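As structure tokens, the structure follows; a few thoughts come after it.
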Amino acid sequence: MNNKYRAFTRRRFIRSSFGIAATLKLQSAARVHGVPKPKDVCKLSAQQEIGPYYVPGELLRPDIVEGRAGVPLSLRIVLLDSRTCTPVPNAAVDLWHCDAVGLYSGFTRQVPMGPPPGPGGGPPGPPFGSFEDGPGGPGPMGPPPHHAPTDKLTFLRGVQLTGADGSVGFRTVFPGFYMGRTNHIHFKVRMGGHASGKSYEAGHTSYVGQIFFPEEATAELMQHDPYRRHKIHRTTQAEDRVFGGQEGELSIAQLRPLNPEHPAAGLVADLVTSLDPQAAGGAGFGSGLASLR
């Protein structure tokens with residue numbers, strides 16, 4: 001592993017550990033002493049589009065890997081109420097993302113990894129048939145078309161309920177990438193529903209977002225198997241229209257390796273998101289400072 005990545009992750013881990021701890025202590029102190037809340041932390045987090053690969057009825061479970069190859073990732077999301085700067089308990093966090101080579105469960109017969117071959121196996125045509133390069137480089141100008149599910153696979157999808165501290169955790173793998181999109185994880189927050197069987201039903205959507213990761217660390221990880229087998233151009237954050245146009249820089253998770261000498265052994269990521277639990281719809285592209293970075 002190169003020294004630049006090791007130094008980068010150590011610096012970010014220190015900021016992450018102290019940042020999250022300081023946030024929760026500030027909130028507690030504010031409540032006890034009656035001083036103003038730390039407004040910069042609790043402003044509404046930016047939202048991002050839901051994308052075309054959401055599937056309702058995802059399973060209630062913390063482990064969503066299902067044997068998919070990739071660098072192990074332990075992801076923690078902490079939800080704060082933007083109105084009171086307190087944790088949001090009993091919220092359903094619905095999470096989904098692609099695997100190491102860009103495939104989403106439910107849509108494995110559609111291949112978002114690159115443009116389809118042209119007629120007679122010639123040069124490839126445009127991805128999805130209608131996308132064009134965005135102003136920042138490769139990538140679509142507009143939102144992707146709606147896709148109908150092609151299978152009933154469930155890898156890298158799941159729902160968890162936040163505890164009293166507003167946090168929820170998932171065991172997954174670091175996401176790969178596909179044409180026009182940088183590495184990211186989707187999630188939505190639902191309130192007022194209930195667990196039913198193996199899933200979560202009813203309620204309303206209060207927030208829709210995407211989780212991004214430090215660009216330098218992500219680019220380094222993509223040099224390792226199984227990600228490096230993916231031969232298409234990797235869309236960087238600077239080239240990604242969602243990241244650039246929907247305040248993705250405010251949704252970058254803190255990231256650290258379990259072993260700085262060997263990041264492929266596993267990673268830990270944390271994201272703090274501030275939302276209004278009473279808001280309905282969750283499809284907006286809210287402004288304001290987002291989670292700790």
Side-chain angles (χ1 to χ4, degrees), residues 9 12-13 15-16 19-20 23 44-54 58 62-65 68 70-80 88 91-100 102 104 155-160 162 166-178 181-190 205-219 221-222 227 234-237 240-257 266-275 282-286 288-293:
T9 51
R12 187 166 288 277
F13 169 55
R15 289 200 298 269
S16 173
I20 291 176
T23 299
L44 283 171
S45 293
Q47 297 193 56
Q48 291 84 33
E49 66 188 51
I50 192 170
Y53 298 114
Y54 174 69
E58 294 176 354
D63 190 332
I64 62 175
V65 177
R68 229 54 191 179
V71 174
L73 176 67
S74 295
L75 173 64
R76 183 176 72 144
I77 301 172
V78 179
L79 302 183
L80 300 179
V88 179
V93 178
D94 204 334
L95 185 129
W96 68 102
H97 65 88
C98 73
D99 68 4
Y104 283 88
F155 62 81
L156 307 182
R157 296 181 181 272
V159 182
Q160 282 286 282
T162 57
S167 73
V168 64
F170 289 91
R171 293 188 295 275
T172 185
V173 296
F174 196 86
F177 57 92
Y178 49 96
R181 289 307 316 276
T182 195
N183 309 69
H184 65 283
I185 290 176
H186 294 269
F187 74 107
K188 66 159 61 178
V189 178
R190 290 187 284 163
T205 299
S206 294
Y207 182 88
V208 174
Q210 297 184 21
I211 303 171
F212 300 95
F213 302 93
E215 175 67 11
E216 184 178 355
T218 301
L221 283 170
M222 295 303 101
Y227 306 97
R234 175 185 171 262
T235 299
T236 66
Q237 289 177 357
D240 187 290
R241 63 171 185 85
V242 175
F243 184 89
Q246 298 172 20
E247 300 185 86
E249 72 279 2
L250 300 179
S251 299
I252 296 177
Q254 302 286 355
L255 186 68
R256 67 179 176 92
L267 301 163
V268 176
D270 292 285
L271 185 78
V272 181
T273 295
S274 182
L275 56 89
F285 303 95
L289 293 179
S291 40
L292 289 172
R293 303 186 298 286

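What you are looking at is a predicted structure, and each value in this text was computed from that prediction instead of being measured.
Among residue pairs with one or both ends in residues 169-178, those qualifying as salt bridge (charged side-chain N to carboxylate O under 4.0 Å, His left out) are D63-R171; sequence neighbours excluded.
With sequence neighbours excluded, the residues forming a side-chain contact (heavy atoms from CB on, under 4.5 Å) with V173 are V65, H97, L156, listed by chain and number. S167 is linked by a side-chain contact (heavy atoms from CB on, under 4.5 Å) to R76, V78, D165, counting only residues two or more places apart in sequence or in another chain. Listed by chain and residue number, P226, Y227 satisfy the side-chain contact (heavy atoms from CB on, under 4.5 Å) test with A100 (two or more places apart in sequence, or in another chain). A search for side chain to side chain donor-acceptor pair (under 3.5 Å) contacts involving R234 returns T182, N183, E215, not counting sequence neighbours. A search for side-chain contact (heavy atoms from CB on, under 4.5 Å) contacts involving Q160 returns P62, V168, F170, not counting sequence neighbours.
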Intermediate values then yes/no, side chain to side chain contact (heavy atoms under 4.5 Å, CB included), R181 and T235: CA-CA 6 Å; R181 289 307 316 276; T235 299; 5.6 Å; no
Trace of the side chain to side chain contact (heavy atoms under 4.5 Å, CB included) decision for L255 with L73: CA-CA 10 Å; L255 186 68; L73 176 67; 4.2 Å; yes
Please assess W96 against I64 for the test side chain to side chain contact (heavy atoms under 4.5 Å, CB included), listing each intermediate value before the final yes or no. CA-CA 9 Å; W96 68 102; I64 62 175; over 6 Å; no
Pair Q48-H186, side chain to side chain contact (heavy atoms under 4.5 Å, CB included): steps then yes or no: CA-CA 9 Å; Q48 291 84 33; H186 294 269; over 6 Å; no
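Nearest heavy atoms, P214 versus A253: CD-O, 3.6 Å. Shown here for D240 and V242, the closest heavy-atom pair between the two residues is OD1-N, 2.8 Å.
The distance from atom OG of S45 to atom CG of L250, rounded to the nearest 0.5 Å, is 8.0 Å. Atom CG of L80 sits about 8.0 Å away from atom OG1 of T273, to the nearest 0.5 Å. Between atom CG of residue L271 and atom CG of residue L79 there is a gap of 9.0 Å, rounded to the nearest 0.5 Å. The line from CG of L95 to NZ of K188 is 12.0 Å long, rounded to the nearest 0.5 Å.
Counting only heavy atoms from C-beta outward, the side chains of E247 and Q47 never approach each other to under 4.5 Å.
Using a 30° and 60° split on the angle between ring planes, F212 and F243 fall in the perpendicular class, above 60°. Using bins of under 30°, 30° to 60° and over 60° for the plane-to-plane angle, the ring pair Y178/Y53 lands in the perpendicular bin.
Distance alone, capped at 3.5 Å, is enough to place a donor-acceptor pair between the Y207 side chain and the A46 backbone. Looking only at distances, no side-chain donor or acceptor of E58 sits under 3.5 Å from a matching main-chain atom of V159. Side-chain N or O atoms of S251 include none that pairs as donor or acceptor with a backbone N or O of I211 at under 3.5 Å.
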